[in-house]
Amino acid sequence: MPTAQIALTAMVNGLAIGLLLFITAAGLSLIFGMMDVLNLAHGALFLTGAYLAWWIGGEQQTWPSLGRAVVAVVVFGAAAGGLLSLLTAPLSRRSHLEQALLTLGIALVAADVLSALFGDDVRATEPPAGLAGTVTVAGWSYPSYRLALVGVAALLAAAVYWTVERTSLGALFRATVGDRDMVAAVGVDPRLVRGGVFVLGSVLATLAGLLGAPIYHARPGLDTTILVLALVVVVVGGLGSIRGPLIAALLFGQVESVGRAVLPGLASFLLFGTLAAVLVVRPRGLFTLAPGGRR
Amino acid sequence: MTGINRRTFLGITAGLGVAGLTGCGSSLGATAASGGDSNTVKVGLVIPQAGVYTPLGVDIQRGWDLWLRQHDGRLGGRRVTTVVADEGEGPQTGVPAVQKLLQNDRVDVLVGIVSSATALGVRDLVTSARRLLVIANAGAGAITGANRSPYIWRTSFTNAQVAAAMGRHLAARGVRRVYAIAPDYVAGTEAIKGFSDAYRAGGGTIVGQSQPPFGKTQDYQPFLSRIQSSGAQGTFCFFGGAESVAFVKQYAQFGLSRTIPLYASGFLVEGGVLTAQGAAADGVLSTLHYTSELDNPANTAFGQAFRAAYDAAPTVYAVQAWDAAEVLSRAVAQAGAVDGDSLAGALGSVGVITDSPRGPWSFVEQSPRQNFYLRRVQTRAGAPVNGVVEDLGPLDPRA
Amino acid sequence: MTSLATTHPATRPRLRPAVRNATAVAAGTLLLAAAPLYLAPYATTTLTRILVFGLLAASLNLLVGVVGLPSLGHAAFFGVGAYAAAFSALHGTSGVPALLLGMAAAALVALVAGAVAVRAGGVFFLMLTLAVGELTQQAADSWESVTGGSNGLYGVPAPTLSGLVLDQPATTYWYVLAFFLAGLLALRLAATSATGVVLRGIRDSEDRMRALGYRTTLVKLGAFVFAGAVAGLAGGLLAAQQRLVTPADAGFETSALALLAVVIGGTGSWWGPCLGAALVIVVRDSLGATLDGHGPLALGLLFVLVVYLLPTGIARIRLRRTAP
């Protein structure tokens with residue numbers, strides 16, 4: 001296989017993984033950046049999305065079953081987001097540390113429930129006809145589903161970006177962060193805004209789980225793997241914007257893909273090595289708003 | 001901080017109360033075994049019940065339970081009490097579980113252990129307690145090699161042994177250039193070394209090798225590209241659990257399975273992972289010391305009983321536990337005692353087991369010398385199975 | 001949870017506090033020291049593990065409770081200390097020199113990591129320390145010639161004291177207890193010293209301390225290294241007790257459990273985190289093994305309950321009628 005093709009494969013792959021990572025991390029970043037809650041149960045939401053995809057579609061997804069699965073993960077994500085909002089509300093004045101321990105506990109309980117419901121075997125699901133299989137262009141082979149994923153994830157990413165940065169709903173979210181009382185004064189219940197952010201963030205996580213199911217396969221332990229990746233992306237991207245996680249997710253997509261191909265001996269160290277390197281140079285992440293702003 | 005006051009007292013006392021789950025006594029002097037009468041034996045079954053290795057734990061328990069059920073709940077004539085403890089994912093939970101079985105439940109014999117790190121980590125505990133441990137899975141060479149204890153025997157395999165069977169076979173078949181890939185941890189390294197040594201001895205060339213991060217790799221594309229450009233005629237791999245599903249599927253998705261055949265240590269396609277791999281696993285060739293499709297009377301009977309009891313096909317993990325019960329029973333009967341020294345002595349003279357579902361095997365250096373089978377993934381009655389292609393003959397544990 | 005000073009009741013005229021405290025410390029120590037005489041071997045072994053983990057939690061408490069630096073990677077130094085001590089023991093030097101080596105190695109790694117980490121604040125400190133922990137665990141996994149890779153360092157010889165091999169539950173316990181007490185004393189001295197006052201000042205308002213002329217980053221780094229060294233001592237004790245060190249000992253789960261122990265116990269005292277450690281170890285090791293695989297569920301519920309029910313930790317639960 002010529003070098004150019006290897007490079008192309010690695011970069012397209014990095015893009016697919018990176019965009020999927022962004023959708024996962026965007027939810028975590030919204031909840032953390034806006035509501036100041038470090039939600040360590042985020043990985044469990046992703047995993048639940050992946051399990052639901054398998055549960056509804058079985059080992060071979062069809063287009064109708066995929067449609068049902070999308071509805072199911074959105075409904076479940078919204079419900080779980082609402083519940084998380086209620087569970088963490090009493091802790092809003094306590095430290096990040098205690099919120100982290102609470103949500104870590106919720107994640108452990110969720111993992112046990114998932115294993116009781118879906119078993120401990122790997123639950124793989126194949127994308128529907130037309131997306132399964134391999135695309136071959138002039139001798140260059142690439143899995144169709146990943147190509148489609150690039151398109152779908154890019155659309156979803158654009159929608160999230162637009163909602164948060166450009167709409168009045170996004171403005172309301174951002175205003176709540178800046179001044180809770182002000183939002184209340186204009187007649188909007190901050191608790192509703194809080195719930196809304198949790199719902200949006202959780203739905204993004206379960207959707208990402210659905211999209212990632214054919215690549216990552218639902219299984220015990222996937223929740224932690226995804227959580228760690230998403231945390232790294234959020235922190236490297238910096239808080240308070242949606243652009244930061246996007247750039248960071250695309251960066252880590254390439255790190256995990258091109259980086260591992262170029263430096264196979266250091267593959268294990270790439271993720272956290274990059275995190276440490278970025279934070280040494282920029283101790284507040286790549287895109288955190290100017291110093292003096294929120295931490 | 002003004003130091004300890006009365007609350008501290010209560011606190012420490014409470015702490016001690018919690019710690020003293022077993023009640024009181026004294027820790028001076030040696031710990032005795034259960035001290036039960038000569039008609040019973042207490043067995044501690046250490047298996048993963050939580051975490052990624054749980055499916056293996058389930059199969060081990062099934063093999064163990066099935067053997068006991070078919071033998072009136074007796075090992076060598078003694079009634080068995082089984083105490084199960086959760087090994088978890090590694091020694092952080094596995095070592096305390098063994099400690100609990102030895103010191104709290106005072107079992108006579110230990111069976112199980114999936115993780116090699118746990119098996120190696122409990123060596124001193126088991127040895128100083130002078131109790132027998134029969135390993136039903138963990139495959140590190142050191143367990144019965146460099147880190148040997150007279151009290152630790154195994155009915156499973158060594159990582160190198162399983163891989164060497166494939167290395168020897170491929171070299172003999174005239175496959176000249178192979179790429180080797182396995183996760184970056186001790187078992188993966190042992191598999192690559194076992195394969196490479198046997199393969200090179202037969203005249204083959206390793207054109208490249210990779211060790212992706214263990215447990216942290218979801219995407220094998222960077223490694224698959226290296227395999228494609230290496231000019232290999234085949235790929236040898238060793239993966240288990242979720243990694244085996246991801247690797248086999250991506251190997252097919254990126255189009256490698258059409259041009260570069262996949263050869264593997266049998267764990268890649270053993271048990272529940274085979275169903276999850278689906279069509280991507282079709283035609284994968286692997287070596288292992290068992291497959292549910294083996295045609296011998298013992299396996300036919302075992303397979304029927306297993307399917308009747310659990311509505312699932314038996315796996316190598318279940319057979320390893322089944323055989324652990326079998327050799328223990330013989331040892332107990334022969335020794336007439338259940339202390340570690342007597343049992344270890346009896347195991348040493350147990351000879352060839354001729355009626356195992358896996359075919360004949362015997363202990364060499366406390367680990368099985370056994371036949372290996374070349375297996376091909378095919379569909380039978382709508383379900384994927386590992387059909388027998390060829391009996392590759394016996395291999396020593398130190399292959 | 002803002003101060004380490006436990007307020008004392010004014011209504012206790014019988015004994016002067018200092019005398020009462022000294023008596024309580026002596027009695028508590030005696031009770032602990034005599035434990036193997038009245039506890040069965042398994043309870044003694046469990047108590048030994050609790051002491052090891054308790055010292056780790058107490059050293060983390062110096063960062064969380066006194067300096068206000070919640071670290072998600074404190075197990076890195078625990079792991080480094082354990083590996084260094086185990087490596088040394090496997091190469092012929094066990095006992096106290098191995099412990100010292102573990103402390104030194106942990107302090108060195110903490111110095112390098114801390115130089116980067118203490119400059120960051122808030123969640124970035126959390127994540128940098130998480131990275132330190134993950135990188136350390138990865139190094140332990142990868143550096144097979146020294147660390148034994150994923151199988152870890154096993155068969156670590158038991159420590160010897162003037163020719164006596166300490167490999168029985170009781171002897172191991174006393175060995176660990178001695179250094180546990182020494183470590184706790186060192187932590188306490190550090191927190192009550194003049195530097196300790198500065199550290200608490202930094203926790204409450206770093207800007208003010210800087211304005212007062214303190215080089216706060218340097219002071220924080222010192223605390224980070226000291227806590228790392230004590231964690232390294234705990235690691236050395238782990239190597240002596242478990243006689244096995246694996247990468248997971250340096251990993252995220254160990255760090256998270258240590259933080260849980262601190263939060264359970266409350267950051268307001270030194271014995272609180274040790275009690276928290278007791279609860280964590282009992283739930284994970286003794287209870288977890290018997291729950292048919294639902295050990296993680298029990299731990300998860302523990303996390304949740306602690307955060308809701310013990311907002312200030314066990315140490316602040318009132319065990320007497322009179323209000324403080």
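Just so you know, these numbers come straight off a predicted model, no measurement behind them. Lettering of chains follows the sequences in order, A, B, ..., and the numbering in each one begins at 1.
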query: For the candidates B:G215, B:G241, B:S210, B:P222, which exhibits the highest count of non-hydrogen atom pairs separated by less than 4.5 Å from chain A?
result: B:P222
- prompt: Between A:Q60, A:E256, A:E126, which has the largest tally of heavy atom pairs under 4.5 Å with chain B?
  reply: A:E126
message: Is B:A252 close to chain A through its backbone or its side chain, or both, or neither, when contacts mean heavy atoms under 4.5 Å?
response: backbone
query: Does one side chain, of A:S257 or B:Q221, offer a donor that lies under 3.5 Å from an acceptor on the other?
result: yes
task: For each of B:K216, B:K249, B:Q250, tally heavy-atom pairs with chain A at distances under 4.5 Å, and name the one with the top tally.
output: B:K249
- prompt: Out of curiosity, B:L56 CG to A:D120 CG, how far, rounded to the nearest 0.5 Å?
  reply: 11.0 Å
Proximity breakdown for A:I17 and chain B, heavy-atom pairs closer than 4.5 Å: side chain
- request: Please state whether the side chain, the backbone, both or neither of B:S244 comes within less than 4.5 Å of a heavy atom of chain A.
  value: neither
task: Tell me, for B:Q277 versus chain A, whether the close heavy atoms (under 4.5 Å) come from the side chain, the backbone, both or neither.
output: neither
- prompt: Does B:Q253 offer a backbone N or O that forms a donor-acceptor pair with the side chain of A:T134 under 3.5 Å?
  reply: yes
Pairs touching residues 128-154 of chain A that satisfy salt bridge (charged side-chain N to carboxylate O under 4.0 Å, His left out), sequence neighbours left out: A:R146-B:D219
message: Is the shortest side-chain heavy-atom distance between A:R260 and B:T217 below 4.5 Å?
response: yes
message: Minimum heavy-atom separation for B:A242 and A:R219, please, with both atom names.
response: CB-CD, 2.7 Å
- request: For the residue pair B:Q218 and A:I226, establish whether any side-chain heavy-atom pair is separated by less than 4.5 Å.
  value: no
field: Heavy-atom contact with chain B under 4.5 Å, split by part of A:D121
entry: both
